[in-house]
Amino acid sequence: MKFEEKVWQLLKRIPKGKVTTYKIIARKLNARAYRAVGRACARNPNAPRVPCHRVVMSSGKLGGYTADGSKASLLKKEGVIIRNGKVDLVKYLYDF
DNA sequence: CGCTTGACACCGT
DNA sequence: AACGGTGCCAAGC
């Protein structure tokens with residue numbers, strides 16, 4: 001299984017109302033390729049099956065895809081409150 | 001096989 | 001606290 005595939009598997013187990021960071025994901029894969037994780041999502045061939053919008057940066061900021069803005073609303077709908085373009089990692093972080 | 005890029009992270013100003 | 005530079009790993013060309 002390729003690295004990116006594993007990333008998607010992990011993303012799929014993120015429950016609604018929770019978020020995770022690229023760093024955590026990479027760590028769970030026993031790697032330090034946070035950037036590769038981001039790439040995997042960007043390339044994400046299984047768009048609806050992989051909730052990429054639940055992946056944020058370690059700082060709590062949503063990330064590049066946030067430029068769209070519509071994803072933020074989707075997260076809120078799932079129960080994730082976004083404050084100043086950032087999520088409350090203390091409350092919603094899912095560290096597997 | 002090597003160089004560039006990317007939805008990032010970390011440390012120094 | 002905010003901004004910029006540097007380092008990480010995998011994929012694509």
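We name chains A, B, ... by the order of the sequence lines, and we start the count at 1 in each one.
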Inset, instruction - Calculate, to the nearest 0.5 Å, the distance between atoms CD1 and NZ belonging to A/I25 and A/K28 respectively. - result: 11.0 Å

Inset, instruction - Establish, with yes or no, whether the OP1 or OP2 oxygen of B/dA7 is under 4.0 angstrom from a side-chain nitrogen or oxygen of A/K61. - result: no

Legend entry - Sequence neighbours excluded, every pair satisfying side-chain hydrogen bond (donor to acceptor under 3.5 Å, both in side chains) that has a member inside residues 29-54 of chain A: A/H53-A/E78, A/R54-A/E78

Inset, instruction - Report the residue (A/S59 or A/V37) whose heavy-atom-nearest nucleotide on DNA chain B is the more 5′ of the two. - result: A/V37

Legend entry - Smallest separation among heavy atoms of A/C52 and A/C41, with atom names: SG-CB, 3.8 Å

Mind listing the N/O atom pairs, protein and nucleotides 3-6 of chain C, below 3.5 Å?
none

Inset, instruction - Treat primed atoms plus P, OP1 and OP2 as sugar-phosphate and everything else as base, then score nucleotides 8-13 of chain C 5' to 3': B for base contact with protein heavy atoms under 4.0 Å, S for sugar-phosphate contact only, - for none. - result: BBSSS-

Legend entry - Between CG on residue A/N84 and NZ on residue A/K61, distance to nearest 0.5 Å: 9.0 Å

Inset, instruction - Round to the nearest Å and state the distance from A/H53 atom NE2 to B/dA7 atom P. - result: 18 Å

Legend entry - B/dC10 phosphate, OP1 or OP2, under 4.0 Å from A/S58 side-chain N/O: yes

Legend entry - Nearest-Å distance for atom pair CG/C1', residues A/L75 and B/dA7: 13 Å

Inset, instruction - Give a yes or no on whether the ring-centroid distance for A/Y94 and A/F96 is below 6.0 angstrom. - result: yes

Inset, instruction - Identify, between A/K23 and A/N44, the residue whose nearest nucleotide on DNA chain B lies closer to the 5' end. - result: A/N44

Inset, instruction - Could you tell me the separation between the CG atom of A/L74 and the C1' atom of B/dA7, rounded to a whole number of Å? - result: 15 Å

Inset, instruction - Side-chain contact test, heavy atoms from C-beta onward, threshold under 4.5 Å: evaluate it for A/L10 versus A/I24 and give yes or no. - result: no

Inset, instruction - Measure the spacing between NZ of A/K18 and CG of A/D95 and express it to the nearest 0.5 Å. - result: 8.5 Å

Inset, instruction - Kindly compute the distance separating CG (A/L75) from CD1 (A/I81), expressed to the nearest 0.5 Å. - result: 10.0 Å

Legend entry - Check against side-chain contact (heavy atoms from CB on, under 4.5 Å), A/V19 and A/L62: CA-CA 10 Å; A/V19 298; A/L62 299 193; over 6 Å; no

Inset, instruction - Take the protein atom CD1 of A/I24 and the nucleotide atom C1' of B/dA9, then report the distance between them rounded to whole Å. - result: 12 Å

Inset, instruction - Provide, to the nearest angstrom, the distance between the CH2 atom belonging to A/W8 and the P atom belonging to B/dA7. - result: 15 Å

